[in-house]
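Below: one structure, written as structure tokens.
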2 protein chains.
Amino acid sequence: MNITSKQIAELCGVTRGTVDRALNNRPGIHPETREKIMRVAEELGYRPHFLAQSLVKGHTKTLGIVLFDIHNQIFSQLFHAFEAEARKRGYIVYLVLSNRDKELELEYINNLLDRRVDGIALLPANDNKKFESFLLRSRTPIVTFGNRLSGPFPYIWINDKQAICDSVAFLASQGYRRIIYLSPPLMRKGKENIYVPEQRYQGFVSACADIPDMRFDVIAQKQYLTELESLLDHNDSKCAILCSSDVYALEVLKWLKARKIRVPEQVGLMGFDNIDFLTYINPALTTVDYNVNEIGTKLADLLIRRIHNDEVPAETLIDHHVVQGESVMLHCD
Amino acid sequence: MNITSKQIAELCGVTRGTVDRALNNRPGIHPETREKIMRVAEELGYRPHFLAQSLVKGHTKTLGIVLFDIHNQIFSQLFHAFEAEARKRGYIVYLVLSNRDKELELEYINNLLDRRVDGIALLPANDNKKFESFLLRSRTPIVTFGNRLSGPFPYIWINDKQAICDSVAFLASQGYRRIIYLSPPLMRKGKENIYVPEQRYQGFVSACADIPDMRFDVIAQKQYLTELESLLDHNDSKCAILCSSDVYALEVLKWLKARKIRVPEQVGLMGFDNIDFLTYINPALTTVDYNVNEIGTKLADLLIRRIHNDEVPAETLIDHHVVQGESVMLHCD
DNA sequence: CTGTTAGCGCCTTCAG
DNA sequence: CTGAAGGCGCTAACAG
């Protein structure tokens with residue numbers, strides 16, 4: 001059904017070797033034969049069989065990217081940038097969603113490996129040694145992001161610890177003296193890879209400890225709103241809720257609104273990620289911004305450079321900064 | 001570097017044919033030899049070479065999906081469902097983003113075809129005959145969604161025309177007597193495939209025409225807020241802005257808020273799609289809901305069935321209904 | 001400058 | 001029950 005180089009060879013009265021020389025314009029072929037072959041190939045709409053090519057060349061010009069899901073907009077933004085960069089460099093990408101399922105993640109990575117992807121961009125849910133040595137044994141270039149492994153896998157993200165420290169410092173500078181840190185992913189401690197949540201948590205605790213009269217709590221469970229209810233003092237305007245990502249902050253904001261608790265008058269609120277959708281939210285959420293497009297682009301770049309056996313830094317950290325919205329206020333006293 | 005069936009054959013002192021019989025448990029092999037081969041394969045962590053397999057079997061267990069982009073949440077939701085269903089059925093998917101660029105779309109489809117994907121789920125930006133015959137000639141199963149082609153390509157989406165009719169009817173039932181329909185994609189008429197925007201537009205015009213004293217306008221340009229500014233009468237509470245998708249409605253809402261024009265007191269507002277994020281928006285947007293997860297799942301199902309040469313309906317339309325939020329109000333007079 | 005040969009890794013028919 | 005041989009479509013090294 002599909003035209004092959006063999007057929008072109010027959011039509012041109014030459015052999016496949018010659019056809020190959022013409023098609024991949026390699027030296028050692030008479031200009032005229034080349035012309036003829038090219039013309040015939042063109043007319044017949046010849047397209048090389050990618051799989052056959054890959055089989056012999058040993059590469060597929062394919063990247064795999066493993067994400068938890070794509071509901072959190074930060075990841076769809078990241079993917080968009082990743083995909084665009086990959087395309088510019090001649091790669092097409094498999095997007096697989098692990099749904100934070102460790103088994104599924106493993107299954108998917110195996111599948112990608114079977115398909116001989118040239119490299120994998122991985123947001124890991126697994127974290128044990130067995131997993132890491134499995135990845136290493138695959139001898140396939142891997143770059144991680146958004147969660148770290150302990151082994152020698154390049155990593156790109158932001159300095160999460162510092163970012164939360166900055167957030168706490170910012171809240172303190174506005175006069176807040178109590179912070180409730182809300183990070184449900186922490187509940188998965190010991191079960192899944194929660195490197196980034198842990199980093200943020202550590203940043204939070206250490207930053208708070210450095211501020212003399214700062215009181216703080218941590219919510220790390222699925223029923224976070226229930227716990228928030230019991231923790232929140234409606235009459236302490238110097239209390240702020242700091243969320244480990246915008247999606248939680250949005251849930252909290254919705255919950256607060258339903259309870260007619262005013263932000264920032266009665267309680268301060270901060271998110272993390274500065275996803276595009278925040279632009280439609282009132283009051284404007286104070287959050288931590290970083291250039292996720294840059295992460296996506298560099299992620300692809302790092303991976304492709306690793307594929308080409310270029311040296312890449314073990315760690316690439318993108319800048320971040322607190323963007324002030326209307327969900328926190330300055331306390332003058 | 002990677003263990004092959006040939007090596008297993010040598011180690012077991014048999015030939016590749018026999019190894020194949022064991023591995024793909026086919027008949028005609030002595031139980032003991034099978035046992036042995038399986039054990040060795042297991043120990044060596046043998047994994048068949050997917051490309052080689054595909055090359056000879058003629059299928060890749062791979063699907064391609066072409067989207068404009070993934071910023072509109074409706075498409076990330078759709079992808080999630082599509083990916084999940086594909087995985088359950090043993091397929092992995094290439095996600096490519098055309099950015100509504102017709103050239104790029106073509107390039108991508110060619111690329112997917114070169115890679116011998118078993119089928120393509122397509123949200124087409126192109127629409128001319130040449131494009132369609134190109135797709136047909138590829139002899140690759142294709143299912144379209146979110147925009148239609150004229151040829152015999154199965155299509156799944158909703159009844160857009162009816163959905164907008166329902167929206168207009170709903171607004172009319174609430175007492176609105178002027179509707180500004182905002183659909184920037186219409187400006188691409190004649191340049192790109194705008195089947196769905198066109199359907200909605202037609203639904204809008206015909207529905208309005210059926211209501212005696214209804215006045216209506218249409219905004220179909222990039223600078224839609226500028227035009228809205230000139231069209232909007234701040235003192236006509238019976239005027240509603242009907243947007244062709246939630247993302248525009250959100251932009252409009254933001255713009256109205258900045259101008260201190262109250263919704264729904266001074267103007268009504270409706271969106272379309274009911275993306276998940278709306279849950280965080282105030283006032284709650286009135287919009288058209290449909291089960292996009294179902295579309296994603298069925299899209300994969302249809303495509304896979306077409307791949308298996310099963311008959312599939314030329315058109316699959318998912319239910320929709322208007323969900324009332326707080327962005328429109330009832331006019332009693 | 002061109003043809004021949006071998007091979008990528010797997011599957012499948014045909015003998016034995 | 002097993003081996004031998006040919007082929008999927010393309011590349012590459014070696015002769016001529």
Side-chain angles (χ1 to χ4, degrees), chain A residues 1-38 40-41 44-62 110-111 113-118 138-140, chain B residues 1-38 40-41 44-62 110-111 113-118 138-140:
Chain A
M1 44 215 238
N2 236 313
I3 175 89
T4 75
S5 71
K6 189 178 169 188
Q7 298 176 42
I8 294 182
E10 284 169 7
L11 285 173
C12 295
V14 294
T15 173
R16 285 132 91 239
T18 310
V19 171
D20 190 59
R21 271 177 277 255
L23 261 23
N24 300 329
N25 49 282
R26 289 188 308 181
I29 180 173
H30 192 90
E32 280 185 22
T33 16
R34 155 165 295 151
E35 281 298 315
K36 183 176 181 189
I37 291 171
M38 293 305 273
V40 174
L44 270 53
Y46 169 78
R47 304 220 110 217
H49 194 300
F50 207 88
L51 299 180
Q53 250 177 187
S54 296
L55 185 61
V56 49
K57 285 193 175 173
H59 64 242
T60 54
K61 283 295 186 176
T62 305
N110 260 317
N111 203 325
L113 257 20
D114 287 347
R115 287 157 185 267
R116 298 298 194 278
V117 293
D118 292 339
S138 79
R139 309 188 124 282
T140 298
Chain B
M1 43 214 238
N2 236 314
I3 175 89
T4 76
S5 70
K6 189 179 170 188
Q7 298 176 41
I8 295 183
E10 284 169 6
L11 285 171
C12 294
V14 294
T15 171
R16 286 131 95 237
T18 310
V19 172
D20 189 60
R21 273 178 274 256
L23 261 23
N24 300 328
N25 49 281
R26 290 187 308 180
I29 180 173
H30 191 90
E32 280 186 21
T33 17
R34 157 166 294 153
E35 281 298 317
K36 183 175 180 189
I37 291 171
M38 292 307 271
V40 173
L44 269 52
Y46 170 78
R47 304 220 110 217
H49 194 300
F50 208 88
L51 299 181
Q53 249 177 188
S54 297
L55 185 60
V56 50
K57 285 192 175 173
H59 64 242
T60 53
K61 284 293 187 178
T62 305
N110 260 316
N111 202 326
L113 257 19
D114 287 347
R115 287 156 185 268
R116 297 298 194 278
V117 293
D118 292 340
S138 79
R139 310 188 123 280
T140 299

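Chain letters run A, B, ... following the sequence lines, proteins first, then strands; residues in each count from 1. We use all heavy atoms of the structure for the numbers below, so side chains are in, but hydrogens, waters and symmetry mates are not.
- Sorted by first and then second residue, the pairs that involve residues 13-25 of chain A and meet salt bridge (Lys or Arg N to Asp or Glu O under 4.0 Å), not counting sequence neighbours, are Asp20(A)-Arg26(A).
- Residues meeting the side chain to side chain contact (heavy atoms under 4.5 Å, CB included) test with Thr140(B), sequence neighbours left out: Leu113(B), Ser138(B).
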Which donor-acceptor pairs under 3.5 Å do the side chains of residues 44-55 of chain A make with protein atoms, sequence neighbours left out?
unit_1   : atom_1 : unit_2    : atom_2 : d
Arg47(A) : NH1    : Asp114(B) : OD1    : 3.0
Arg47(A) : NH1    : Asp114(B) : OD2    : 2.5
His49(A) : ND1    : Leu51(A)  : N      : 3.3
His49(A) : ND1    : Ala52(A)  : N      : 3.3
Ser54(A) : OG     : Phe50(A)  : O      : 2.9
Ser54(A) : OG     : His59(A)  : O      : 3.3

Base-contact (B) and sugar-phosphate-only (S) positions in nucleotides 7-16 of chain C, heavy-atom cut-off under 4.0 Å, - elsewhere: BBBBSB----
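- Between Thr60(B) and Arg115(A), the shortest heavy-atom contact is O-NH1, 3.5 Å.
- Within 4.0 Å of Thr33(B), counting heavy atoms only, lie sugar-phosphate atoms of the nucleic acid but no base atom.
- Between the NZ atom of Lys36(B) and the CD1 atom of Ile8(B) there is a distance of 12.0 Å, given to the nearest 0.5 Å.
- For the helix from dC1(C)-dG16(D) to dG16(C)-dC1(D), the end axes, each set by the C1' atoms of five terminal pairs, are bent relative to each other by 50° (nearest 10°).
- Contacts between chain A and DNA chain D, taken as any atom within less than 4.0 angstrom of a protein heavy atom, begin and end at dG9(D) to dA12(D).
- Judged as a salt bridge (Lys or Arg N to Asp or Glu O under 4.0 Å), not a single pair has a partner in residues 2-12 of chain B (not counting sequence neighbours).
- Atom-to-atom distance recorded for Asn25(B):CG and Ile37(B):CD1 is 12.0 Å, nearest 0.5 angstrom.
- In terms of heavy-atom proximity, Ala9(B) sits nearest to Thr15(B) at CB-C, 3.8 Å.
- Under 4.0 angstrom from either OP1 or OP2 of dG3(C) there lies at least one side-chain N or O belonging to Thr18(A).
- Residues passing the side-chain hydrogen bond (donor to acceptor under 3.5 Å, both in side chains) test with Arg34(B), sequence neighbours excluded: none.
- Taking all atoms of both residues into account, the shortest heavy-atom contact from Asp118(B) to Lys61(B) is OD2-N, 2.7 Å.
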